[in-house]
Number of protein chains: 2
Amino acid sequence: MTVDVSISTEENASAAQNERGERAPRARGRPGGEDSRARILSSAGKLFAARGYSGVSMRELARAAKVNLGAVNYHFGGKGKLYHETVLRLIEDIGPVFGPIIHRLVDEVSNAAGNREALSHCTANFMKDMFATVLGKRSLRWQMAFLLREFHQPSREFPMILAERINPMHDAVGTLLAAALELDPKDPSVRLRSQAFIGQIMSFGASRSVVCARLGWDDYSKNRIDFIAATIIPATLASLGLPPVVTNEEKRA
Amino acid sequence: MTVDVSISTEENASAAQNERGERAPRARGRPGGEDSRARILSSAGKLFAARGYSGVSMRELARAAKVNLGAVNYHFGGKGKLYHETVLRLIEDIGPVFGPIIHRLVDEVSNAAGNREALSHCTANFMKDMFATVLGKRSLRWQMAFLLREFHQPSREFPMILAERINPMHDAVGTLLAAALELDPKDPSVRLRSQAFIGQIMSFGASRSVVCARLGWDDYSKNRIDFIAATIIPATLASLGLPPVVTNEEKRA
DNA sequence: TATATTTGGTCAAACGTTTGAATAATCAAG
DNA sequence: CTTGATTATTCAAACGTTTGACCAAATATA
């Protein structure tokens with residue numbers, strides 16, 4: 001448990017003792033290295049997501065991360081390697097976010113055991129989770145933009161993203177659709193409908209500018225995201241031939 | 001009619017006579033101008049779509065268009081102006097493609113007059129048109145990539161694209177959804193479902209790499225696009241509470 | 001000749017990268 | 001408790017290349 005945390009955050013690795021009580025060797029040399037590294041990685045993610053690889057200069061990046069220009073190459077050994085590290089970091093970052101959502105979906109589908117009301121609830125829960133996460137999580141904003149960019153303009157890092165994060169998500173949705181449609185999860189039509197299912201959700205992230213322009217919104221907010229979910233979920237349930245989910249308010253009436 | 005064609009292709013504008021039979025004034029000076037301009041514009045579209053504004057250098061562009069570096073600035077007066085012209089050209093190009101699709105949809109929805117079988121056929125026809133166009137038309141490939149880029153990373157040209165091409169498309173889908181759901185076309189939930197409707201289709205273009213990877217395809221083909229349409233259309237009909245469309249084969253049986 | 005276009009070249013600025021000195025911490029020796 | 005070696009990091013300057021822009025001369029048609 002403590003191991004997991006230290007791996008996922010990856011900070012303070014050199015600052016304390018290890019779990020055996022042995023003295024961990026303190027960092028030598030001028031301090032601040034891990035700090036700068038983290039700042040560079042964070043700035044790089046945001047900038048690459050917003051403007052793409054060639055749209056970001058090393059100088060701009062160094063300025064944003066508040067480090068010297070040379071420090072970027074010192075820590076990462078070049079722009080290309082930095083981009084690679086950014087993708088690795090992205091994959092690490094979104095794992096703990098989508099992992100539980102995927103886990104919950106697969107669990108609930110399994111527990112539903114074909115019961116269609118239960119499948120409706122799985123679907124609604126999953127979509128609520130996804131909308132809230134993809135559209136709402138401030139901390140995930142640049143990651144989503146980064147992903148969308150890699151989707152439609154795959155770099156050499158794309159296969160890794162596909163294998164580590166996209167395939168598990170699509171496979172999970174596949175089990176839901178297979179249960180709802182009573183088809184094999186490997187059926188090509190299930191895979192296509194998984195794409196439509198996920199693509200529909202992601203499109204609200206990819207076309208944020210369009211949605212906001214057409215709805216007269218400045219940006220998404222919690223209430224607006226809830227409204228999107230409440231609007232789209234019934235349509236998706238119907239598309240799967242699943243019964244509508246009765247909301248709490250409707251139950252009271 | 002002939003006017004539309006000449007506008008849409010925009011080539012040979014200086015090569016022949018106009019429709020009144022008057023002699024069009026032949027171009028003076030060194031020849032090749034309109035040719036070079038068109039080649040530059042075409043290369044610029046493809047390159048900007050693939051790598052983005054800053055991912056393309058003027059020299060690379062000149063090489064791709066087989067013109068001298070100076071000729072690009074001669075014709076367009078700079079990289080920024082060339083990008084602007086590329087967007088104008090894009091809007092002009094996709095107009096004749098999506099215009100008829102939109103027109104057909106609005107017409108058929110109007111003629112359906114609320115009849116739900118007729119609305120099913122509208123929907124199916126529109127989606128078939130869209131899938132075939134967005135995924136299939138080779139000539140539209142870079143335009144779609146360009147659009148998707150502008151969606152999620154709007155440049156200063158975005159408002160024009162929105163007004164000229166996106167809003168009409170969304171409004172047309174809005175009339176379909178309003179008829180099917182018996183709501184006002186301006187209802188926010190109709191606008192959101194229009195986004196989901198279109199976004200779902202576009203996602204097959206945006207995530208081409210994902211779809212192909214998961215289906216084991218190298219690329220889309222006519223048959224595969226038909227298969228996508230045949231898979232997704234029934235789901236969309238169900239999501240709108242519209243009756244399924246009976247295919248020709250099923251009718252014979 | 002007049003006009004339109006192409007051409008090759010130059011320019012300052014910005015690019016990614018490299019370098020070597022300066023800095024700040026730890027560690028081992030005295 | 002100081003000292004000097006060692007290590008890690010920062011920093012400013014410079015490298016050679018590429019960038020977008022610009023220009024005057026050359027060229028090809030009317």
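This structure is a prediction, so every number in the text was calculated from the model and none was measured. The chains referred to below are lettered A, B, ... by the order of the sequence lines, with proteins before strands, and numbering in each begins at 1.
Listed pair Asn68(A) / dA12(D) meets the phosphate criterion, a side-chain N or O lying under 4.0 Å from OP1 or OP2. Between Ser57(A) and dA14(C), a side-chain N or O to OP1/OP2 separation shorter than 4.0 Å is absent. Contact between the side-chain N/O atoms of Asn73(A) and the OP1/OP2 oxygens of dT17(C) is found at a separation under 4.0 Å. Under 4.0 angstrom from either OP1 or OP2 of dT10(D) there lies at least one side-chain N or O belonging to His75(A). Taking only side-chain nitrogens and oxygens, Ser36(A) never comes nearer than 4.0 Å to OP1 or OP2 of dT9(D).
A donor and an acceptor atom, one from each side chain of Gln200(B) and Ser203(A), are nowhere located under 3.5 Å apart.
Computed from coordinates, the Phe48(A) CZ to dG16(C) P distance equals 9 Å when rounded to whole Å. Taking atom NZ on Lys79(A) and atom P on dT18(D), their separation rounds to 15 Å, with Å as the unit. Taking atom CZ of residue Arg63(A) and atom C1' of nucleotide dC15(C), one finds them 13 Å apart after rounding to whole Å. Atom pair Phe76(B):CZ and dA21(D):P shows a separation of 13 Å (rounding to whole Å applied). Distance Asp35(A) CG to dA24(C) P: 16 Å, rounded to the nearest Å. If you take CG of Leu69(B) and P of dG9(C), they are 13 Å apart, rounded to a whole angstrom. Regarding Arg51(A), its CZ atom lies at a distance of 15 Å from the C1' atom of dC15(C), rounded to whole Å. In this structure, the NZ atom of Lys81(B) is 11 Å from the C1' atom of dA21(D), given to the nearest Å.
Note on Val72(A): nothing from the nucleic acid sits closer than 4.0 angstrom, heavy atoms only.
Residues Leu88(A) and Tyr83(A) are not in side-chain contact: their nearest non-hydrogen atoms beyond the backbone lie 4.5 Å or more apart.
Closest to the Tyr74(B) side chain, of the nucleotides dT17(C), dT10(D), dT6(C), is dT6(C). Comparing dC15(C), dG20(D), dT6(C) against the side chain of Met58(B) picks out dG20(D) as the nearest.
Aromatic pair Tyr220(B)/Phe131(B): centroids not less than 6.0 angstrom apart.
Each of Arg59(A) and Ser54(B) was matched to the nucleotide of DNA chain D holding its nearest heavy atom; the match closer to the 5' end belongs to Arg59(A).
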Hey, mind stepping through Asp219(A) and Arg141(A) against salt bridge (Lys or Arg N to Asp or Glu O under 4.0 Å) and telling me if it holds? CA-CA 12 Å; Asp219(A) 195 3; Arg141(A) 184 115 168 213; 3.2 Å; yes
Output, in order, the C-alpha distance, side-chain angles, deciding distance and verdict of side chain to side chain contact (heavy atoms under 4.5 Å, CB included) for Tyr74(B) and Ile40(B). CA-CA 11 Å; Tyr74(B) 169 76; Ile40(B) 294 169; over 6 Å; no
